[in-house]
Amino acid sequence: MTTRVRFAPSPTGYLHIGATRSGLFNYLYARHMGGKFLLRIEDTDLQRSTEESTRSILEGLRWLGLDYDEQIVFQSDNADKHRAAALELLEAGKAYRDFTPKETVSGVNIKEAIADRARAAQGEKSMRDNQYRHLSKEESETKANAGEPFAIRLKVPETGKSSFEDAVYGLQERDYAEIEDLVLLRSDGHPLYNLAVVCDDIEMRITDVIRGQDHLTNTHKQILIYEALGKTPPRFAHLPLILAPGGKKLSKRIHGEIVSMTTYRAAGFLAAAFRNFLALLGWSAGEEREIYNLNELIEKFSLEHIHRSNAVFNFQENDPRHWTDDKAIWMNAEYIRTMPLADLIPLVKAELKQTKLWREEYEDDDKLWFEKTVDLIRERFFTLKDFSNQGRAYFSEDFDFDEKAVDKNLRKFPDLQTWLPELADRLESVEDFTHDNLETVIKQFTEEKATKFGVIMNGARSLLTGLAVGPSMLAVFETLGREKSVLRLRSQVAWNL
RNA sequence: GGCGCAUUCGUCCAGUGGUUAGGACGCGAGGUUCUCAACCUUGAAACAGGAGUUCAAUUCUCCUAUGCGCUACCA
C-alpha cells in the first residue's frame with residue numbers, strides 16, 4: 001500500500017513554527033517512503049479562517065520546498081459528507097440525538113472553565129448518563145420532527161478500552177469510561193473536528209497520521225469513529241511539541257512573530273537552513289551530524305528516531321543578539337558561508353533587488369566581481385539581510401558610517417584625516433592594484449608615518465565600508481578597486497559627521 | 001480534579017545493565033589577525049528525587065516531584 005500522509009493546518013493566522021515542523025516531518029516521511037504528501041486546509045472554523053492565512057501557509061510551504069501532491073483539500077467543501085456520515089451513524093444506531101440545550105462556554109479562560117466543570121462533576125459524573133442516549137428511535141424522531149434542536153453524539157461503548165500503537169509513543173490505552181459521548185454534529189448542523197478529520201482522512205486514503213502530541217488523547221475518540229464507520233484506522237505517529245523557553249506553550253499572543261515562519265524569511269533566513277534546523281527539533285538520525293540537505297533528510301528520516309519529550313525553541317526576547325534560537329542563527333550562518341556559491345548567488349540577488357542595490361551588470365560584465373565579492377563577505381554574515389546592511393558599501397556609494405567605527409578608527413587618530421587622502425594618492429599610482437602589491441605599498445606608507453599598520457588599515461576600513469569589522473582590508477581594497485578606494489579614502493564625509 | 005505523555009549539560013540532539021556519559025549551539029579563557037560576530041585551541045556545564053530488581057543502574061520497575069497535553073455543540 002502506498003504511503004499517504006497529510007499536513008492539515010487550519011488557516012487561522014500565519015504558519016506557526018510547530019505546524020511547519022509537522023508539515024516537514026510529514027513531507028520527509030512521504031518522500032522517504034516514496035508516498036504522497038497531501039495538503040488539507042482545515043477551514044471549518046468559519047469565524048477565524050481567512051484566505052489570507054491560507055495564502056500565507058501555501059507561501060511558507062513553497063518557501064521551504066515542501067511541495068505537495070494532488071489537489072489541496074478544503075475541509076469546508078466536505079461538510080456535506082461529514083454530515084452524511086453522522087446521519088449514517090445515527091441511522092445505524094451508533095450515534096444518537098442529544099436534545100440537551102446547548103451550553104455555551106466562552107471567554108478567554110475556556111480551558112479553565114472546562115477544567116472547572118470537570119472538577120465540579122467529579123464523582124457523580126458518568127460519561128453515559130445522558131438521558132437521550134437510550135431514547136427510542138421513534139421518540140427521538142418525533143422530537144426531531146417537532147423541530148426540537150439536537151446535536152448528534154457518538155455512542156461510546158459502556159465498558160472496555162480503546163487502544164492503539166503509536167509509532168512514537170508506543171501502546172496507548174484509554175478506558176471508555178474516560179471518554180464521553182462526543183458530539184459529531186452540532187445542533188446548527190456543523191460537523192465537529194473529530195468527525196471531519198476522520199472522514200477526510202478516510203476519503204483521502206491516509207495511511208499514516210503524523211501530527212502534534214496535543215492530539216494524542218483525541219486519537220482514541222477518532223478511532224472510535226473509525227470503528228463506528230467500519231473503517232480501519234490509519235497508523236498514528238505523534239510528535240513532541242515545540243515549547244517556549246521555560247517549557248511554556250509557544251503562542252502567538254504571548255510570543256508574537258517569533259513563532260511565525262514569515263518572520264524568518266523576512267529576517268534573511270535560508271529555507272534550507274531553517275528546514276535543517278526544524279528537522280532537528282524532535283528528531284535526529286541517531287548520529288552526531290547536524291547539517292543535512294533536503295535529500296539527505298529524506299533519506300535519513302524515520303519515525304523511529306523521533307523522540308518523546310518536548311523541545312524548547314530557545315530565544316531571549318529582549319536580547320537582539322539572541323532574538324531567536326541561537327542554533328537556528330548559527331545554522332543559517334553556517335549555510336551562508338559553506339553552501340555552494342552558485343546556490344547562494346540567487347538568494348543574494350533577491351535580497352539586493354529588494355533593497356534596490358541590485359545592478360544588472362552583476363550578471364553580466366561584473367559577474368565575476370560580484371561572485372568574488374559575495375564569496376569574500378559571506379564569511380562573516382549570519383543572514384541574507386547582512387548583504388544589504390553590513391554589505392551595503394560593496395554595492396553602493398550610499399552607505400552609512402557606524403558612529404563607533406568612526407570614533408574608534410578615525411577620530412582617535414586625527415592624523416588620518418590627512419594621511420588617508422595621502423594614501424589615496426599613493427594608491428592611485430600603484431601599478432598593480434592587487435593584494436600583494438597593496439600590502440607592500442601600505443606597509444611602506446605606514447613606516448613613513450611611523451605608525452602601526454593596523455591604524456592605517458582600520459581607518460581605511462571605516463572610510464571604505466563604514467564599519468569597524470569586516471574582511472581583510474587588502475581584500476577589501478582589491479574588491480572595491482582602485483577608483484572607489486581612492487575616492488573613499490579622500491572623502492571627508494565621515495570626518496564631518 | 002480526572003486521564004494521558006514526558007524527564008541526559010542553559011538549549012538542541014547522541015548513548016549504554018559496567019563509558020573519563022559524547023556532539024552541536026550558546027557562554028568563558030587563550031591564540032591568530034589590520035578589525036571582527038570569522039578561524040584554531042581550550043574550559044565550565046547534565047543522567048529530577050526516592051525506593052526496588054541486580055554483583056552492578058543514567059539505562060529495567062514502582063512511587064514522588066515537575067512540566068506538557070487532553071478533558072468543548074474549538075480546531
Side-chain angles (χ1 to χ4, degrees), chain A residues 8-10 12 42 44-45 47-49 75 98 100 102-105 110-111 113-123 125 149-153 166 169 172-175 177-180 182-188 190 192-194 196-197 212-218 220-221 238 240-241 243 245-249 277 280-290 305 307-315 321-322 325-331 333 337 379-382 386 390 405 408-409 442 446 452-462 467-474:
Chain A
S10 49
T12 55
E42 305 210 324
T44 47
D45 187 337
Q47 262 76 43
R48 297 192 302 151
S49 297
Q75 189 158 67
D98 180 6
T100 311
K102 184 182 171 187
E103 180 188 346
T104 32
V105 188
I110 297 179
K111 296 263 178 196
I114 289 163
D116 282 347
R117 185 205 278 172
R119 229 188 317 272
Q122 207 60 45
K125 172 184 77 166
F150 60 88
I152 295 181
R153 303 188 96 110
D166 188 89
Y169 288 91
Q172 299 294 309
E173 293 186 325
R174 202 172 179 206
D175 214 294
E178 295 294 333
I179 306 173
E180 69 169 343
L182 57 143
V183 173
L184 303 175
L185 205 64
R186 294 204 297 214
S187 48
D188 65 6
H190 279 105
L192 262 89
Y193 173 74
N194 283 311
V197 165
Q213 188 237 64
D214 45 344
H215 291 286
L216 194 58
T217 30
N218 273 334
H220 291 101
K221 297 182 186 173
H238 288 87
L241 267 20
L243 305 175
K248 299 301 173 193
K249 193 174 177 180
F277 167 75
L280 265 23
L281 236 37
W283 173 83
S284 84
E287 58 186 3
E288 287 178 350
R289 213 235 283 197
E290 306 196 284
H305 278 104
H307 66 144
R308 289 179 283 274
S309 60
N310 295 336
V312 170
F313 185 66
N314 204 18
F315 58 91
R321 208 165 133 181
H322 304 284
D325 198 293
D326 285 326
K327 200 148 195 172
I329 297 175
W330 167 80
M331 196 167 278
R337 77 175 88 94
E379 187 72 19
R380 287 163 178 78
F381 286 175
F382 287 78
D386 289 332
Q390 294 191 54
K408 182 181 157 206
N409 296 332
I442 298 169
T446 306
K452 287 185 192 160
F453 191 62
V455 171
I456 299 294
M457 288 308 229
N458 288 326
R461 187 192 319 282
S462 298
L467 302 173
V469 301
S472 152
M473 269 315 288
L474 293 168

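Lettering of chains follows the sequences in order, A, B, ..., and the numbering in each one begins at 1.
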(request) Would you mind classifying the nucleic acid contact of A:Ser187 as base, sugar-phosphate or nothing, using non-hydrogen atoms under 4.0 angstrom? (result) base
(message) Using a heavy-atom cut-off of 4.0 Å across all strands, would you classify A:Gly470 as base, sugar-phosphate, or nothing?
(response) base
(message) I'd like to know if A:Asp325 pairs up with A:Lys327 as an ion pair, taking the criterion as any Lys NZ or Arg NE/NH1/NH2 lying under 4.0 Å from an Asp or Glu carboxylate oxygen.
(response) no
(message) Reading RNA chain B from 5' onward, which residue's closest nucleotide shows up sooner: A:Val312 or A:Arg461?
(response) A:Val312
(request) Might you work through the salt bridge (Lys or Arg N to Asp or Glu O under 4.0 Å) test for A:Arg153 and A:Glu180, ending with a clear yes or no? (result) CA-CA 9 Å; A:Arg153 303 188 96 110; A:Glu180 69 169 343; 3.6 Å; yes
(message) Considering every strand and a 4.0 Å limit on heavy-atom distances, what is the contact class for A:Arg153: base, sugar-phosphate, or nothing?
(response) sugar-phosphate
(message) Nearest to the side chain of A:Lys102, heavy atoms from C-beta on, is which of B:rG67, B:rC74, B:rC12?
(response) B:rC74
(request) Check whether any side-chain N or O of A:Arg289 sits under 4.0 Å from OP1 or OP2 of B:rA14, and answer yes or no. (result) no
(request) Go ahead and name the base partner of B:rG17; Watson-Crick or wobble counts if both distances stay under 3.5 Å, otherwise write none. (result) none
(request) Select base, sugar-phosphate, or nothing to describe what A:Gln47 touches, counting heavy atoms under 4.0 Å on all strands. (result) nothing
(request) Name the nucleic acid region contacted by A:Thr44, choosing base, sugar-phosphate or nothing; use a 4.0 angstrom heavy-atom cut-off, strictly under. (result) sugar-phosphate
(message) Heavy atoms from C-beta onward define the side chain here; which of B:rC25, B:rA75, B:rG4 lies closest to that of A:Lys327?
(response) B:rC25
(request) With the side chain of A:His307 defined as its heavy atoms from C-beta on, choose the nearest nucleotide among B:rA14, B:rA75, B:rA72. (result) B:rA14
(message) Would you measure the distance from the P atom in B:rC55 across to the matching atom in B:rU16 and give it in whole Å?
(response) 23 Å
(message) Categorize A:Asn310 for me: base, sugar-phosphate, or nothing, with a 4.0 angstrom heavy-atom threshold over every strand shown.
(response) sugar-phosphate
(request) Considering only atom C1', compute the distance from B:rC40 to B:rG4 and round it to an integer number of Å. (result) 50 Å
(request) Answer with base, sugar-phosphate or nothing: what part of the nucleic acid does A:Ala311 contact at a heavy-atom distance below 4.0 Å? (result) sugar-phosphate
(message) What contact category does A:Arg308 fall into here, base, sugar-phosphate, or nothing, at under 4.0 angstrom with non-hydrogen atoms?
(response) sugar-phosphate
(message) What's the gap between B:rA72 and B:rG67 when it is taken at their C1' atoms, as a whole Å value?
(response) 24 Å
(request) Please state whether the phosphate of B:rA14, meaning OP1 or OP2, lies under 4.0 angstrom from any side-chain nitrogen or oxygen of A:Ser284. (result) yes
(request) State whether A:Arg186 places a side-chain N or O below 4.0 Å from either non-bridging phosphate oxygen (OP1 or OP2) of B:rC74. (result) yes
(request) Using a heavy-atom cut-off of under 4.0 Å over every strand shown, decide if A:Pro471 touches base, sugar-phosphate, or nothing. (result) base
(request) Taking only the side-chain nitrogens and oxygens of A:Lys248, find out if one of them lies under 4.0 Å from OP1 or OP2 of B:rC68. (result) yes
